[in-house]
Amino acid sequence: RLDRGQGLGLEDLNGDGDTDDQVISYYDISTGKLQHTGAIGDSPLSISGSIIVFSTYEGNIGQDLNGDEDTDDQVIMYYDISTGTLQNTGAVGYSPSISGSIIVFSTDVDIGYYDISTGILKSIGTVGYFPSISGSIIVFSTDERQIYQDLNGDGDTNDNVIRYYDISTGTLTNTGVVGAVGRSPSISGSIIVFFTSEGQIGQDLNGDGDTYDRVIRYYNISTGTLKSLGVVGYLPSISGSIITFSTIEAGIDQDLNGDGDTDDVEIRYYDISTGTLISTGAPLSTSGYPVNGSVSISGSIIAFLNDEGQISQDLNGDGYMGDTVIRYIDISIFNTPVGDNISVIAIDPVTWGTKPVTLTYNKVISGGMTSAITTSLCAPPVSGFKLGDPPSYYELMTTAVYSGSVKVCINYTGVQYINEADLKLFHFEDGTWVDYTISLDTTNDIICGEVTSLSPFAIFEPSEITV
């Protein structure tokens with residue numbers, strides 16, 4: 001991540017006596033610790049193992065980093081977290097990406113790469129932009145107009161085409177596939193993922209009857225096959241079999257996070273191995289196209305930037321909603337897959353721990369996360385009933401899309417009732433509490449009901465003891 005003081009009253013992160021710099025920082029999820037490297041750099045950043053790679057504009061630090069007797073260049077740098085050392089490659093470039101010991105980057109004339117282990121700098125000898133690397137494979141996009149070649153055989157030189165270079169063999173391969181202009185493809189293993197604007201290729205890739213959408217596609221190097229997810233999305237990233245991206249709800253006229261509108265830009269992911277599409281419910285924006293639209297994935301962690309003003313939240317508690325804050329979600333806890341008769345244990349969206357609520361969906365059409373919040377605040381019980389001790393309401397939510405009924409079972413262990421044999425499970429709908437009880441197990445303290453929608457639930461007992 002980058003932290004910038006810029007006169008906002010923040011601390012001097014690199015000890016130069018001002019708060020005007022853009023400083024490279026990192027956060028360790030396992031320890032919850034934020035560290036500032038003190039190094040000045042520019043986005044985008046890339047990390048592999050303990051190495052953070054970035055570019056630094058010489059003019060920002062007043063140093064000639066590549067020895068050409070000026071301070072006008074953008075130079076590739078890297079920081080080793082394990083040793084706390086900053087290293088200068090001396091290579092002029094931008095948009096770096098790293099895998100293992102290989103740093104790849106764009107220059108004004110071609111794509112270069114630098115081997116940290118040997119200190120050797122090389123060029124692949126062809127024009128390309130926004131490279132990404134996995135193992136020995138460098139993938140990038142090439143604007144046909146820059147090389148005066150028709151790379152996809154459509155009779156013109158107006159396209160942006162995905163190509164890749166294998167460092168181990170020195171071979172350049174043209175996929176012939178059109179990607180997005182000025183945007184980076186992402187690679188993991190043999191899978192290259194990118195988005196394509198339908199209008200560029202004159203095809204309806206998601207079957208909605210028009211060619212106005214941006215659709216996520218991927219190319220498998222090992223098989224030479226191209227596949228479309230048929231899903232509208234933007235700026236994808238891949239790790240293993242998981243492709244993550246953002247989708248503008250208004251663009252597909254769907255409420256992906258169940259908040260009753262289509263104003264949001266939502267983070268979603270697709271698992272190639274299972275063919276499952278998941279809406280995380282995490283917004284990049286709740287009010288139009290996001291200022292920071294990219295998402296990144298490594299393992300099960302999806303990281304992204306939120307502009308506080310675009311989600312109307314003060315995420316860092318400074319009393320000001322003008323910041324850009326880094327957030328992440330762990331998709332290993334997403335618990336509601338596509339299928340029939342799907343049973344899940346609800347997750348607490350704050351602590352990520354499990355809640356004593358089990359839901360069984362008749363049919364899940366699009367997967368997501370099912371969560372529950374226990375609270376003491378909600379509409380009062382209906383006449384003739386009361387809450388237990390402590391008073392407990394259960395706010396149930398899901399980002400999954402489902403059809404049919406949902407069986408809701410709540411374990412009320414720890415809540416005391418005077419008249420346990422007459423407990424009822426109520427669901428709050430249309431401004432009133434409705435009894436949906438179908439079973440009660442007083443031995444195991446479990447009560448169940450069957451509904452077709454989710455919202456607040458509560459377990460009530462009669463106000464008067466039945467004799």
Side-chain angles (χ1 to χ4, degrees), residues 255-263 281 286 312-313 335-336 341-365 368-467:
D255 177 12
L256 296 174
N257 62 341
D259 66 350
D261 63 51
T262 57
D263 300 330
T286 59
S312 301
Q313 293 183 47
N335 55 1
T336 312
N341 297 316
I342 301 298
S343 183
V344 301
I345 298 174
I347 296 291
D348 186 317
V350 177
T351 67
W352 301 117
T354 57
K355 302 296 285 186
V357 182
T358 300
L359 298 89
T360 302
Y361 296 89
N362 179 259
K363 185 179 185 65
V364 177
I365 300 169
M369 184 176 75
T370 297
S371 58
I373 296 174
T374 306
T375 178
S376 60
L377 301 175
C378 197
V382 293
S383 177
F385 287 87
K386 65 178 181 178
L387 292 160
D389 183 23
S392 301
Y393 295 97
Y394 305 86
E395 180 73 45
L396 307 187
M397 302 159 283
T398 188
T399 61
V401 178
Y402 63 92
S403 64
S405 63
V406 183
K407 183 179 179 181
V408 176
C409 293
I410 299 176
N411 186 316
Y412 56 86
T413 300
V415 182
Q416 301 301 312
Y417 296 96
I418 297 173
N419 195 15
E420 185 180 7
D422 289 330
L423 294 180
K424 301 294 183 182
L425 180 61
F426 281 77
H427 178 220
F428 194 71
E429 56 183 41
D430 298 325
T432 189
W433 289 105
V434 181
D435 179 6
Y436 280 97
T437 311
I438 59 172
S439 66
L440 173 63
D441 180 353
T442 56
T443 301
N444 295 300
D445 296 342
I446 296 174
I447 189 169
C448 298
E450 191 160 1
V451 295
T452 57
S453 64
L454 301 180
S455 59
F457 288 79
I459 302 171
F460 296 148
E461 65 175 333
S463 299
E464 297 182 0
I465 301 175
T466 302
V467 179

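Since the model is a prediction, treat every value here as computed from it, not as a measurement.
- For the pairing with Cys378, the side-chain contact (heavy atoms from CB on, under 4.5 Å) check across Ser392, Pro456, Pro391 returns one residue only, Pro456.
- Between the NZ atom in Lys424 and the CG atom in Leu440 there is a gap of 8.0 Å [rounded to 0.5 Å].
- Using a 4.5 Å heavy-atom threshold, the side chains of Val408 and Tyr436 count as separate.
- Here the closest non-hydrogen pair linking Ala346 and Ala372 is CB-CB, 3.7 Å.
- Considering every non-hydrogen atom in both Gly414 and Pro390, the closest pair reads O-CD, 3.8 Å.
- Tyr402 and Thr336 are not linked by any side-chain donor-acceptor pair at a separation below 3.5 angstrom, with hydrogens and angles left out of the test.
- From Thr286, atom OG1 reaches atom CD of Gln313 across 7.5 Å, with rounding to the nearest 0.5 Å.
- Using modelled atom types, one side-chain atom of Ser463 and one backbone atom of Phe385 make a donor-acceptor pair closer than 3.5 Å.
- With contacts defined as side-chain heavy-atom distances shorter than 4.5 Å, the pair Lys386/Ile418 qualifies.
- Between the CD1 atom of Ile446 and the CD1 atom of Ile459 there is a distance of 10.5 Å, given to the nearest 0.5 Å.
- Side-chain contact between Met369 and Asn335: present, with at least one pair of heavy atoms (C-beta onward) separated by less than 4.5 Å.
- Looking at every heavy atom in both residues, Ile447 comes nearest to Leu425 through CD1-N, 3.5 Å.
- When side chains are defined from C-beta on, Tyr417 counts as touching Tyr412, because their heavy atoms get closer than 4.5 Å.
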For this session: Take Val357 and Phe457 through the test side chain to side chain contact (heavy atoms under 4.5 Å, CB included) and record every step on the way to the result.
Result: CA-CA 11 Å; Val357 182; Phe457 288 79; over 6 Å; no
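- In this structure, CG in Asn444 is found 8.0 Å from OG1 in Thr413, a value given to the nearest 0.5 Å.
- Applying the ring pair (Phe, Tyr, Trp, His ring centres under 6.0 Å) rule to Phe460 yields the partners Phe426, Trp433; only residues at least two apart in sequence or on another chain are considered.
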Exercise. Can you list the steps and then say if Asp445 with Glu420 is a side chain to side chain contact (heavy atoms under 4.5 Å, CB included)?
Worked result: CA-CA 9 Å; Asp445 296 342; Glu420 185 180 7; 3.1 Å; yes
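- The only member of His427, Glu395, Glu429 that meets side-chain hydrogen bond (donor to acceptor under 3.5 Å, both in side chains) when paired with Ser455 is His427.
- Taken from OG1 in Thr358 to CD1 in Ile410, the straight-line distance is 9.5 Å, to the nearest 0.5 Å.
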For this session: Starting from the C-alpha separation in whole Å, work towards a yes-or-no answer on side chain to side chain contact (heavy atoms under 4.5 Å, CB included) for Leu359 and Leu454.
Result: CA-CA 10 Å; Leu359 298 89; Leu454 301 180; 3.8 Å; yes
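- Among residue pairs with one or both ends in residues 409-454, those qualifying as disulfide bond (SG atoms under 2.5 Å apart) are Cys409-Cys448; sequence neighbours excluded.
- Taking 4.5 Å as the limit, some side-chain heavy atom of Tyr393 sits within range of a side-chain heavy atom of Pro381.
- The distance from atom OG1 of Thr452 to atom CG of Asn362, rounded to the nearest 0.5 Å, is 11.5 Å.
- When all heavy atoms of Thr442 and Ala421 are compared, the pair lying nearest together is CG2-CA, 4.5 Å.
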